[in-house]
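Side-chain atoms are counted along with the backbone in the values below, which use heavy atoms only and exclude waters and symmetry mates. Sequence positions, counted from 1, serve as the residue numbers for this chain.
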Amino acid sequence: MSSEQDQLKETNTEERFAFKKEESAAVKSDKGLTEEVVRLISDDKDEPDWMLDRRLRALEHWQNMPMPTDWPGQPDLTELDVGEIVPYIRPDVDKRAGADDWDDLPDEIQDTFEKLGIPEAERKALSGVGAQYESEVVYQNMQEQWEEKGVVFCNMDEAVREHPELVKEYFMTSCVPPSDNKFAALHGAVWSGGSFVYVPEDVTVEMPVQAYFRMNSEGMGQFEHTLIIAEEGSEVHYIEGCSAPKYGSHNLHSGGVEVFVGEDAHVQYSTVQNWSKNTYNLNTKRAIVEKGGRMEWVSGSMGSKATMLYPCTILKGRNASANNITIAFAGEGQNIDTGAKVYHNAPHTKSTIESKSISKDGGRTNYRGLVHISEGAEHSSTSVECDALMFDNESTSDTMPYMEIDESKVDVAHEATVGKIGDEDVFYLQSRGLDDDDAKQMIVSGFIEPITEELPIEYAVELNRLIELEMEGSLG
């Protein structure tokens with residue numbers, strides 16, 4: 001890596017995310033969602049008939065389901081026209097399965113991910129790395145020490161070919177079926193790329209694995225699918241990064257995530273998303289947790305025009321637990337609607353939800369959550385905490401918690417706070433030598449600290465820097 005690129009990676013977050021390359025595609029579909037487009041995607045990937053059949057069934061669901069427009073306070077989706085979105089762009093890379101040597105990538109793709117810091121992170125702190133550019137994974141690598149223990153980390157297209165029985169069993173069947181919602185159906189029809197992670201019984205992957213998803217072309221959709229299977233007693237931390245430069249027209253990101261946490265297994269899923277303000281970010285993420293298993297979601301979302309993101313956890317077995325930590329930042333013209341869903345379907349299950357949101361310059365943030373405790377899930381407990389921080393009188397923050405409690409022998413707690421940055425707090429810090437901007441940044445950093453301390457240090461630093469740039473109005 002050149003010294004110029006290294007300096008950019010280390011010091012100029014704004015440039016790292018704002019740059020874009022000229023489009024170079026080997027295959028590009030027509031706009032819109034049609035059977036012809038779905039068949040083109042499946043044919044270009046040389047998929048088996050069973051996957052094409054699943055895509056076509058998802059397409060039927062998409063065609064028959066209405067757009068979600070009746071949720072109280074939801075982001076405005078009227079400007080989103082899927083008929084104007086290009087759902088599939090395969091970049092011009094020789095190796096369809098993704099290069100396993102960084103030097104085999106085209107120069108412009110290497111340059112993109114080097115500016116985002118991906119190779120350096122791989123060398124320093126990661127067990128494996130996947131990098132997706134447009135609709136395809138272009139690079140995938142896993143350290144040999146984990147491969148020797150039976151850990152699988154590959155892209156989803158390779159998983160369809162090399163691990164068909166696992167994919168048939170788990171892919172959009174019990175966790176996120178395409179009938180779940182309009183955008184799950186869209187995703188099931190045109191998904192491309194993403195990660196497949198399989199951790200055998202009693203294996204602990206001691207270093208995180210990471211996937212990074214980059215949209216470069218204007219007017220496209222990105223629909224990566226992530227499938228994680230953690231067998232009994234295993235442990236893995238998966239980190240996801242996402243970004244896109246600023247465009248003149250709308251882009252759409254509608255990823256799908258399915259996590260299966262075995263008995264006494266532990267999975268942490270961390271994501272830092274920095275989309276452009278022309279991007280609609282509409283995802284479906286869900287985990288099913290067996291007896292004694294533990295699922296952790298840590299999410300930071302900013303930059304998009306509109307985000308609807310609610311990681312869902314189904315606590316299926318006794319003593320299963322879920323932790324959900326989210327942070328959202330909305331500036332001018334942005335509506336960030338995030339939260340979490342947890343279903344307690346067994347006794348002695350436990351969940352915590354912690355949401356932090358920041359809004360400024362008329363931006364809108366919203367916590368939308370659901371906790372359901374089923375009859376018979378006795379001695380279960382849940383705690384929900386929602387804190388919102390606003391910079392001005394034009395910004396908006398709402399909290400919409402839903403509690404469905406069908407069992408009496410449970411502990412349920414909910415707390416919500418909304419406040420503005422106080423003049424007295426800023427004045428106090430200014431009296432200690434800080435200027436107005438630095439004082440506000442310090443207050444915000446303290447506000448989000450419970451989130452950043454759950455991330456690896458590199459991601460915590462990056463998240464703080466991204467929020468600092470959002471406060472300056474420099475991103476998107």
Closest approach of [X] and [Y], non-hydrogen atoms and distance?
X      : Y      : answer
Asn345 : Ser374 : OD1-OG, 2.8 Å
Gly293 : Val261 : CA-CG1, 4.2 Å
Pro177 : Arg286 : CD-NH1, 4.3 Å
Lys277 : Gln334 : CE-OE1, 3.5 Å
Ala377 : His344 : CB-O, 3.6 Å
Ala189 : Ala58  : N-CB, 3.5 Å

Would the distance check show the side chain of [X] and the main-chain N or O of [Y] forming a donor-acceptor pair, the cut-off being under 3.5 Å?
X      : Y      : result
Ser380 : Thr349 : yes
Thr173 : Glu169 : yes
Ser395 : Gly362 : yes
Glu84  : Asp81  : no
Asn155 : Ser195 : no
Glu407 : Gly376 : yes

Reported [atom1]-to-[atom2] distance for the pair [X] and [Y], which is rounded to 0.5 angstrom:
X      : Y      : atom1 : atom2 : answer
Ile405 : Thr382 : CD1   : OG1   : 7.5 Å
Trp62  : Asn181 : CH2   : CG    : 10.5 Å
Glu385 : Lys356 : CD    : NZ    : 6.0 Å
Gln273 : Ile336 : CD    : CD1   : 10.0 Å
Glu296 : Thr352 : CD    : OG1   : 8.0 Å
Glu201 : Glu231 : CD    : CD    : 7.5 Å

Quiz item: Listed by chain and number, what are the ring-ring contact (aromatic ring centres under 6.0 Å, His included) partners of Tyr238, not counting sequence neighbours?
Solution: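 Once residues adjacent in sequence are excluded, the partners of Tyr238 under the ring-ring contact (aromatic ring centres under 6.0 Å, His included) criterion are Tyr269.
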
Quiz prompt | Test log, rule side chain to side chain donor-acceptor pair (under 3.5 Å), inputs Ser270 and Gln268 | solution = CA-CA 6 Å; Ser270 302; Gln268 179 171 332; 3.1 Å; yes

Exercise. Give the C-alpha distance, both sets of side-chain angles, the deciding distance and a yes or no for side-chain contact (heavy atoms from CB on, under 4.5 Å) between Leu59 and His61.
Key: CA-CA 5 Å; Leu59 176 63; His61 286 296; over 6 Å; no

Find out whether [X] and [Y] are in side-chain contact, i.e. whether some heavy atom of one side chain is under 4.5 Å from a heavy atom of the other.
X      : Y      : result
Phe260 : Leu227 : yes
Asp76  : Asn335 : no
Met390 : Ser397 : yes
His372 : Asp406 : yes
Tyr280 : Ser254 : no
Val298 : Val272 : no
Glu354 : Asn324 : no
Val151 : Val203 : yes

Practice problem: Might you work through the salt bridge (Lys or Arg N to Asp or Glu O under 4.0 Å) test for Lys285 and Glu240, ending with a clear yes or no? | Solution: CA-CA 13 Å; Lys285 299 185 175 185; Glu240 171 190 87; 3.2 Å; yes

Quiz item: Checking side-chain contact (heavy atoms from CB on, under 4.5 Å) for the pair Ile353/Val342: CA distance, chi angles, key distance, verdict?
Solution: CA-CA 9 Å; Ile353 298 173; Val342 182; 4.1 Å; yes

Practice problem: Output, in order, the C-alpha distance, side-chain angles, deciding distance and verdict of ring pair (Phe, Tyr, Trp, His ring centres under 6.0 Å) for Phe223 and His253. | Solution: CA-CA 6 Å; Phe223 306 97; His253 177 255; 8.1 Å; no

Quiz prompt | Cationic N near anionic O, under 4.0 Å, Asp398 to Arg364 | solution =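 Answer for the salt bridge query: yes.
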
Self-check item: Test log, rule side-chain contact (heavy atoms from CB on, under 4.5 Å), inputs Cys154 and Val152
Solution: CA-CA 6 Å; Cys154 65; Val152 178; 4.0 Å; yes

Quiz item: If you draw a 6.0 Å radius around CD in Gln63, do more than 12 non-hydrogen atoms from other residues or ligands fall strictly inside?
Solution: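 Correct, the count exceeds 12.
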
Quiz item: Above 12 or not: heavy atoms from other molecules or residues under 6.0 Å from NZ of Lys182?
Solution: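 Counting neighbours around NZ of Lys182, more than 12 heavy atoms of other residues, nucleotides or ligands fall under 6.0 Å, so yes.
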
Practice problem: Test Phe329 against Thr365 for side-chain contact (heavy atoms from CB on, under 4.5 Å), laying out the working first. | Solution: CA-CA 7 Å; Phe329 192 111; Thr365 59; over 6 Å; no

Going by atom type alone, with no hydrogens or angles, which donor-acceptor pairs under 3.5 Å involve a side-chain atom of residues 305-320 and a protein atom two or more places apart or on another chain?
unit_1 : atom_1 : unit_2 : atom_2 : d
Thr307 : OG1    : Ser304 : OG     : 2.5
Tyr310 : OH     : Asp337 : OD1    : 2.5
Thr313 : OG1    : Trp297 : NE1    : 2.8
Arg318 : NH2    : His348 : NE2    : 3.3

Exercise. For Glu258, enumerate each residue passing the salt bridge (Lys or Arg N to Asp or Glu O under 4.0 Å) test, keeping only those at least two apart in sequence or located in another chain.
Key: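 Salt bridge (Lys or Arg N to Asp or Glu O under 4.0 Å) list for Glu258, sorted by chain: empty.
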
Exercise. Could you verify whether a donor N or O on one side chain and an acceptor N or O on the other, from Thr326 and Ser299, lie under 3.5 Å apart?
Key: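 On atom types as modelled, these side chains do not qualify, holding no pair under 3.5 Å.
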
Quiz item: What do you reckon, are the aromatic ring centroids of Phe153 and Phe196 less than 6.0 Å apart?
Solution: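 For Phe153 and Phe196, the ring centres are not under 6.0 Å apart.
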
Quiz item: With under 30° as parallel and over 60° as perpendicular, where do the rings of His225 and Phe171 fit, or are they tilted in between?
Solution: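 It falls in the tilted class, 30° to 60°.
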
Quiz prompt | Stepwise salt bridge (Lys or Arg N to Asp or Glu O under 4.0 Å) check, Arg294 with Asp264 | solution = CA-CA 7 Å; Arg294 181 156 57 106; Asp264 296 320; over 6 Å; no

